[in-house]
Amino acid sequence: MLQVSHEFGCLTLTPSSPFSLKRSCACGQAFRFQEEEGGYFGVVNGRGVRLTQNGNSLKVFPCAKEEILQFVRYFDMERDYGSIELQLERDERLRACLSSASGIRIFNQDPFETLISFIISANNNVKRIQKIVAGLCESVGELVTDDVYTYHRFPTPQALADLPEETLRELGAGYRAPFIKQSAKKVADGYDLAALRNLPLTEARKELCTFAGVGAKVADCVLLFSLGHANAFPMDVWMKRAVRELFFDGEEPTKRELEGAIEKLGPVSGILQQFVFHYARESGLGA
DNA sequence: ACCCAGGGTGACG
DNA sequence: CGTCACCATGGG
């Protein structure tokens, strides 16, 4: 159950299961939530908002009445995370993840922003990804000044498609510069990312892999973090280590064994994955 | 100098 | 189908 209240232009969402703003913002799913004075500032669906946590409540400011549902959905507050954490708790292999990952929510981000962000993420680290994405926004993202804040939106597909490769390299994108440009152009030319929401996981993944700089892992991030595929399971170096340690007693699994183990986790395996990922990074698993 | 980071691409078997 | 060097960049 979710309690929703709205007064003085501030939205308060209180889920009945544990919520952690800090873990949700820091778990590596999104790269534009900046920590500041007891909260976070982020741009959600093109709107700059300040996020704070009070008890188990998430506060979003500013928020107009018409925007309430949109924020509820972005922060995935309609989903029953109590049952998800219960599944983790019941699994002896995954139980330990909760101590550092309880309260995570998977945000429903913009597909294009997520696509470009995770193209940048390839063979890169979170701090640098944040820096490059911030540079993109400050360079060619629309500058917005509303009643409360001044901020940049994430660039449009056309804006990134028009950006010279050299500029992308100056921002730190390195060899990913042409991937960003080509993929942005494909969206600017009319490719409908949102349509992938309604495709089966395997087909949606295959579609995303036609973009430059997108392989299975980046595709799964886009599907999980922006297109509602809760069973997309991104396998990066951290998850490979974690799965090897937690599921296969330190041994390297075959591809079949790996797929089987993920399949057994059920329809929200990708969300479970994010708890494990955050745990692995926080506990420095294997490093 | 070397290794690593939310990997992908292209070449070669 | 699988493997593998290579790819920019910054931090440890």
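Values below: all heavy atoms of this structure, side chains included; hydrogens, waters and symmetry mates excluded. Here is the naming used below: chain letters follow the sequence lines, and residue numbers restart at 1 for every chain. Computed from a prediction, not measured in an experiment: that's the story for all the values here.
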*Asks:* Considering every strand and a 4.0 Å limit on heavy-atom distances, what is the contact class for Met235(A): base, sugar-phosphate, or nothing?
*Replies:*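 No contact at all - Met235(A) keeps every heavy atom at 4.0 Å or more from the nucleic acid.
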*Asks:* Regarding Glu251(A) and Arg244(A), does a basic nitrogen lie under 4.0 Å from an acidic carboxylate oxygen?
*Replies:*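 No salt bridge links Glu251(A) with Arg244(A).
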*Asks:* Got a sec? Which of residues 209-228 of chain A come in under 4.0 Å of DNA chain C, heavy atoms?
*Replies:*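 When residues 209-228 of chain A is checked for heavy atoms under 4.0 Å from DNA chain C, there are no hits whatsoever.
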*Asks:* Near DNA chain B, under 4.0 Å by heavy atom, which residues of residues 94-115 of chain A?
*Replies:*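 Here the set is empty: none.
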*Asks:* With sugar-phosphate meaning primed atoms plus P, OP1 and OP2, does Lys255(A) contact a base, only sugar-phosphate, or nothing at under 4.0 Å between heavy atoms?
*Replies:*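 If one applies the 4.0 Å heavy-atom cut-off, Lys255(A) turns out to touch the sugar-phosphate alone, with no base involved.
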*Asks:* Check Lys185(A) with Asp189(A), please: is the shortest side-chain N to carboxylate O separation under 4.0 Å?
*Replies:*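 Lys185(A) and Asp189(A): salt-bridged.
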*Asks:* May I ask you to check whether Asp162(A) and Gln158(A) show a side-chain donor-acceptor distance below 3.5 Å?
*Replies:*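 Yes, Gln158(A) and Asp162(A) have a side-chain donor paired with an acceptor closer than 3.5 Å.
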*Asks:* Tell me the ring-ring contact (aromatic ring centres under 6.0 Å, His included) pairs involving residues 62-92 of chain A, sequence neighbours left out?
*Replies:*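 ring-ring contact (aromatic ring centres under 6.0 Å, His included) check on residues 62-92 of chain A returns Tyr74(A)-Phe107(A), Phe75(A)-Phe107(A).
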*Asks:* Can you tell me how far P of dG6(B) sits from CZ of Phe233(A), to the nearest Å?
*Replies:*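 Rounding to the nearest Å, CZ of Phe233(A) and P of dG6(B) are 16 Å apart.
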*Asks:* Can a salt bridge be assigned to the pair Arg256(A) and Glu259(A) using a cut-off of 4.0 Å between side-chain N and carboxylate O?
*Replies:*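 A salt bridge links Arg256(A) with Glu259(A).
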*Asks:* Could you work out the separation of dA8(C) and dA11(B) based on their P atoms and round it to a whole Å?
*Replies:*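 To the nearest whole Å, 16 Å.
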*Asks:* Check the distance between dG8(B)'s C1' and Gln182(A)'s CD and give it to me in whole angstrom.
*Replies:*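 Going from Gln182(A) (CD) to dG8(B) (C1'), I get 12 Å.
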*Asks:* Report the distance from atom CG of Asn123(A) to atom C1' of dG6(B), rounded to the nearest whole Å.
*Replies:*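 Distance, rounded to whole Å: 10 Å.
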*Asks:* Could you check whether any side-chain N or O of Arg176(A) sits under 3.5 Å from a backbone N or O of Ala122(A), counting only pairs where one atom can act as donor and the other as acceptor?
*Replies:*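 The answer is yes, because a donor-acceptor pair under 3.5 Å joins these two groups.
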*Asks:* Between Arg79(A) and Asp76(A), does any side-chain N to carboxylate O distance fall below 4.0 Å?
*Replies:*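 A salt bridge is present here (some side-chain N lies under 4.0 Å from a carboxylate O).
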*Asks:* Side chains of Glu85(A) and Ser102(A): is there a donor and an acceptor less than 3.5 Å apart?
*Replies:*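 Side-chain D/A pair, Glu85(A) to Ser102(A): present.
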*Asks:* In whole Å, I'd like the distance from the CZ atom of Phe31(A) to the C1' atom of dA5(B).
*Replies:*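 Whole-Å distance recorded here is 11 Å.
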*Asks:* With a 4.0 Å cut-off on N to O distance, would you call Glu282(A) and Arg23(A) a salt bridge?
*Replies:*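 Answer for the salt bridge query: no.
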*Asks:* Looking only at atom P, what distance separates dC2(B) and dC7(C), rounded to whole Å?
*Replies:*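 The answer is 16 Å between these two P atoms.
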*Asks:* For a quick check under 3.5 Å, do Lys59(A) and Thr12(A) share a side-chain donor-acceptor pair by atom type?
*Replies:*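 Note: Lys59(A) and Thr12(A) side chains meet the donor-acceptor criterion.
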*Asks:* Taking heavy atoms of chain A and a 4.0 Å limit, find me the 5'-most and 3'-most nucleotide of DNA chain C within that range.
*Replies:*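 Taking any atom under 4.0 Å from a heavy atom of chain A, the span is dG2(C) to dG10(C).
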*Asks:* Determine whether the aromatic ring centres of residues Phe31(A) and Phe118(A) are separated by less than 6.0 angstrom.
*Replies:*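 Yes, the ring of Phe118(A) comes within the 6.0 Å limit of the ring of Phe31(A), centre to centre.
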*Asks:* Below 4.0 angstrom, which residues in residues 163-177 of chain A have at least one non-hydrogen atom near DNA chain B?
*Replies:*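 The stretch gives Tyr175(A) as the residues lying under 4.0 Å from the strand, ordered by number.
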*Asks:* Rounding to the closest angstrom, what is the interatomic distance between dA5(C) and dC4(B) at atom P?
*Replies:*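 Between the two P atoms, the distance is 14 Å.
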*Asks:* Measure from CD1 on Ile132(A) to P on dA5(B) and round the result to the nearest Å.
*Replies:*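 About 16 Å, once rounded to whole Å.
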*Asks:* Ring of Phe277(A) versus six-membered ring of dG6(B): centres under 5.5 Å and planes under 30°?
*Replies:*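 Here Phe277(A) meets both the 5.5 Å and the 30° conditions.
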*Asks:* Is a donor from one side chain sitting under 3.5 angstrom from an acceptor on the other, for Thr210(A) and Lys186(A)?
*Replies:*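 Looking only at side-chain atoms, Lys186(A) and Thr210(A) do form a donor-acceptor pair, the distance falling under 3.5 Å.
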*Asks:* Using the P atom as the reference point in each nucleotide, state the distance between dC6(C) and dG6(B) in Å, no decimals.
*Replies:*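 Their P atoms lie roughly 24 Å apart.
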*Asks:* Between Asn108(A) (side chain only) and Leu227(A) (backbone N and O only), is there a donor and an acceptor less than 3.5 Å apart?
*Replies:*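 Answer holds: no.
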*Asks:* Ignoring hydrogens and geometry, is there a side-chain-to-backbone donor-acceptor pair from Gln53(A) to Leu21(A) under 3.5 Å?
*Replies:*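 A pair under 3.5 Å: yes.
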*Asks:* In whole angstrom, what separates Asn124(A)'s CG from dA5(B)'s P?
*Replies:*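 My rounded result for the distance is 11 Å.
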*Asks:* Rounded to whole angstrom units, what separation is found between the CD1 atom of Ile120(A) and the C1' atom of dG8(B)?
*Replies:*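 After rounding, the gap between these two atoms is 14 Å.
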*Asks:* Hey, is Glu35(A) close enough to Lys22(A) for a salt bridge, meaning N to O under 4.0 Å?
*Replies:*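 Yes.
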*Asks:* Could you work out which one of dG6(B), dA5(B), dT9(B) sits closest to the side chain of Arg241(A)?
*Replies:*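 Output: dA5(B).
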*Asks:* Please give, in whole Å, the distance from dG6(B) C1' to Lys127(A) NZ?
*Replies:*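 Answer to the nearest Å: 15 Å.
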*Asks:* Less than 4.0 angstrom from a charged side-chain N to a carboxylate O is my criterion; do Glu165(A) and Lys181(A) meet it?
*Replies:*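 No, no charged N to carboxylate O under 4.0 Å.
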*Asks:* Could you verify whether a donor N or O on one side chain and an acceptor N or O on the other, from Tyr191(A) and Glu207(A), lie under 3.5 Å apart?
*Replies:*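 Yes, Glu207(A) and Tyr191(A) have a side-chain donor paired with an acceptor closer than 3.5 Å.
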*Asks:* Let me check I have this right: for DNA chain B, each base becomes ., (, ), [, ] or |, based on Watson-Crick or G-U pairs with both distances under 3.5 Å. What is the full string?
*Replies:* .||||.|||||||
